[in-house]
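What you see below is based on every heavy atom in this structure, not just the backbone, and it leaves out hydrogens, waters and symmetry mates. Sequence lines set the chain letters: A, B, ... in the order given, protein chains first and strands last, and positions in each chain run from 1.
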There are 2 protein chains.
Amino acid sequence: MDSVSGAAVSGQDHDREAVTGNIRQVNRERILQAATTVFADAGFGGATMLGIANAAGLPKANLHYYFGTKQALYAAVLDNILTVWLDAADAIVPERDPAVALADYIRAKIEHSRRFPQASKVFASEMMRGAPLLKDFLAHRLRDRVDAKVAVIEGWARQGRIVVPNPRHLLFQIWAMTQTYADFAVQIAAVLGVETLGPAEFAAAGDTAVTLILRGCGLTPPGVPVPAPGSRQRVETATQN
Amino acid sequence: MDSVSGAAVSGQDHDREAVTGNIRQVNRERILQAATTVFADAGFGGATMLGIANAAGLPKANLHYYFGTKQALYAAVLDNILTVWLDAADAIVPERDPAVALADYIRAKIEHSRRFPQASKVFASEMMRGAPLLKDFLAHRLRDRVDAKVAVIEGWARQGRIVVPNPRHLLFQIWAMTQTYADFAVQIAAVLGVETLGPAEFAAAGDTAVTLILRGCGLTPPGVPVPAPGSRQRVETATQN
DNA sequence: AAGAAACTTGACCAAATGGTCAAATACCAC
DNA sequence: GTGGTATTTGACCATTTGGTCAAGTTTCTT
């Protein structure tokens, strides 16, 4: 049921799965939502149960009723996040054209950063702590997943359909390029001189990432010709600066 | 003197700069070092003065004597970090060959992640909090710096020496690709199946990043020919998996 | 309707935390 | 040496924090 920690769902639970009315589900969801935001902004250590309770619009004791401890609530938040985490990589399958597959993957990751920045931050925060609750997930579920995707990429490479320096690091760097737009949104916004990152910025981010990675893998980005350096040309700017 | 916050150097300071013996300097340094580590692992909210004191091997009251408050100590840590932060970009100047300049820049950034992972984490942590203490730095010092480097890159592009989708996002993504090896070290180590990231892993990371970015900018990575896709070849793996 | 189970919540508690202080000690210029 | 300044540090304090609890209210089940 919970893949993060034995303490994730805690306390006085004896199989209330869907037995009880939906009050339970609704409240849990509300709390998880609030907790995600607070953990994202303050980290595990900086977040307070009172803060989360206020964000959720519920008395603090209520959180403890549903999740037992702060740790368990945190674990539940992580669990919630991980489910969505791996899915984007579904784009990478042997049958597809490498360029299309990678482009889709990158765009999906960027979209994820745009839609769920808090989730990304919580994950990042947990990594920086040393991932005490996710070590296992990383070393097994994620690792296996990566191995599978690496196999696909190496397959493409053997067929001469892609040129990749190091498939594993390629993935790491795609993750980095895309997650940065969630975790470092303030920095990027400040440098771009905008209040917050909007659709225009994310579009430019996606275009740049796709172009860099595809070219980087010896592929031609759709609609973006790659003239040989030496021929006169100007910066191919996208939507905005 | 301090660029982060008016409260960075606080309390009972009236210009002791280098007046007093070096006890002051030595202790401040020792505390800053310990604080950097603790803030990196726990974030601002999760770090405790007692924890930092223990890490520094000093009584807690001593930290308050030198830095006044937790906030001020944190600000001092950030300040310390920022100094080093911008320097790597010195590689990017108009006269240099774009390929060499970018490769140097990327390798310097990766090296920074390898040598000062805690600094990187503290910075990342501050960004995720919304950068309450660095908003100003980001919007001015960093922004100006970026504008300058973007101008250089656009200059190269006008001369047809480089093909870049969006210079600003190119920089963001180089930052991301390189910092990820500090901030997400546990994740990467777990996926690679190693205990910690060593020289071999950082070498592979650097090679991959340089290759991807240079090719991505229509440049040829030194020593790494880019065969046209379609020609038979195998994965060009570097040092290790 | 009635009993049971699920849910709510204000009041409370012990521990931890940031911060203060004053007494003691080390250091230094003359 | 001696007086003054800088440094050290244990003891102390107010506040915050995670967590508990028991008395109440609501919601199901039969």
Side-chain angles (χ1 to χ4, degrees), chain A residues 5 7-32 34-35 38-39 41-77 132-133, chain B residues 5 7-32 34-35 38-39 41-77 132-133:
Chain A
S5 148
V9 173
S10 80
Q12 50 275 67
D13 268 63
H14 4 242
D15 275 276
R16 285 188 196 121
E17 320 289 83
V19 177
T20 328
N22 63 344
I23 309 101
R24 189 170 187 78
Q25 218 189 9
V26 166
N27 273 344
R28 281 183 67 103
E29 194 48 49
R30 182 142 76 145
I31 295 168
L32 280 175
V38 174
F39 281 132
D41 289 346
F44 175 76
T48 72
M49 292 300 271
L50 183 60
I52 297 172
N54 290 342
L58 291 170
K60 183 178 61 133
N62 216 313
L63 312 204
H64 283 102
Y65 173 70
Y66 280 111
F67 291 93
T69 69
K70 184 186 180 186
Q71 276 243 21
L73 173 55
Y74 181 67
V77 167
L133 296 188
Chain B
S5 148
V9 172
S10 80
Q12 51 273 67
D13 267 64
H14 5 242
D15 276 273
R16 284 184 194 126
E17 322 288 85
V19 177
T20 328
N22 63 342
I23 309 102
R24 188 169 187 79
Q25 217 189 9
V26 166
N27 274 343
R28 282 184 64 103
E29 194 48 48
R30 182 143 74 143
I31 294 168
L32 280 175
V38 175
F39 282 131
D41 289 345
F44 175 76
T48 72
M49 292 301 270
L50 182 60
I52 297 171
N54 289 342
L58 291 171
K60 184 180 61 138
N62 216 312
L63 312 204
H64 283 104
Y65 173 70
Y66 280 111
F67 291 94
T69 68
K70 185 186 179 186
Q71 276 245 19
L73 172 54
Y74 181 67
V77 167
L133 296 188

Checklist entry - Given that A:F44 and A:A61 both sit by DNA chain D, which one's nearest nucleotide is further toward the 5' end? => result A:F44
For the pair made of [atom1] in [X] and [atom2] in [N], what is the distance, rounded to whole Å?
X: B:K70; N: D:dT16; atom1: NZ; atom2: C1'; value: 12 Å
X: B:L58; N: C:dA26; atom1: CG; atom2: C1'; value: 15 Å
X: B:L63; N: D:dT9; atom1: CG; atom2: P; value: 11 Å
X: A:M49; N: C:dA15; atom1: CE; atom2: C1'; value: 16 Å
X: B:Y65; N: C:dT25; atom1: OH; atom2: P; value: 17 Å
X: A:N54; N: C:dG10; atom1: CG; atom2: C1'; value: 15 Å
X: B:I23; N: D:dT5; atom1: CD1; atom2: P; value: 16 Å
X: A:Q71; N: D:dG18; atom1: CD; atom2: C1'; value: 12 Å

Side-chain N or O of [X] versus OP1/OP2 of [N]: is the shortest distance under 4.0 Å?
X: A:N27; N: C:dA6; answer: no
X: A:R24; N: C:dA6; answer: no
X: B:Y66; N: D:dA6; answer: no

Checklist entry - Using a cut-off of 4.0 Å on non-hydrogen atoms, how would the nucleic acid contact of A:A53 be classed: base, sugar-phosphate, or nothing? => result nothing
Next on the checklist: Check for me whether A:K70 meets the cation-pi criterion with A:F39, that is, NZ or CZ under 6.0 Å from the six-membered ring centre and within 45 degrees of the ring axis.
Outcome noted: no
Checklist entry - Taking the nucleotide of DNA chain C with the closest heavy atom to each, which residue, B:T48 or A:P59, is nearer the 5' end? => result A:P59
Checklist outcome for this item: The reported gap from CD1 in B:I52 to CZ in B:F67 (rounded to nearest 0.5 angstrom) is 10.0 Å
Checklist outcome for this item: Rounded to the nearest 0.5 Å, the CG atom of A:L32 sits from the CG atom of A:L63 at a distance of 10.0 Å
Checklist entry - Of the non-hydrogen atoms in B:I23 and B:Y66, which two are nearest, and what is the gap between them? => result O-OH, 4.3 Å
Checklist entry - Checking side-chain contact (heavy atoms from CB on, under 4.5 Å) for the pair B:V26/B:E29: CA distance, chi angles, key distance, verdict? => result CA-CA 5 Å; B:V26 166; B:E29 194 48 48; 5.8 Å; no
Item to check | Distance-only donor-acceptor test (3.5 Å): side chain B:K60, base C:dG19 | outcome: yes
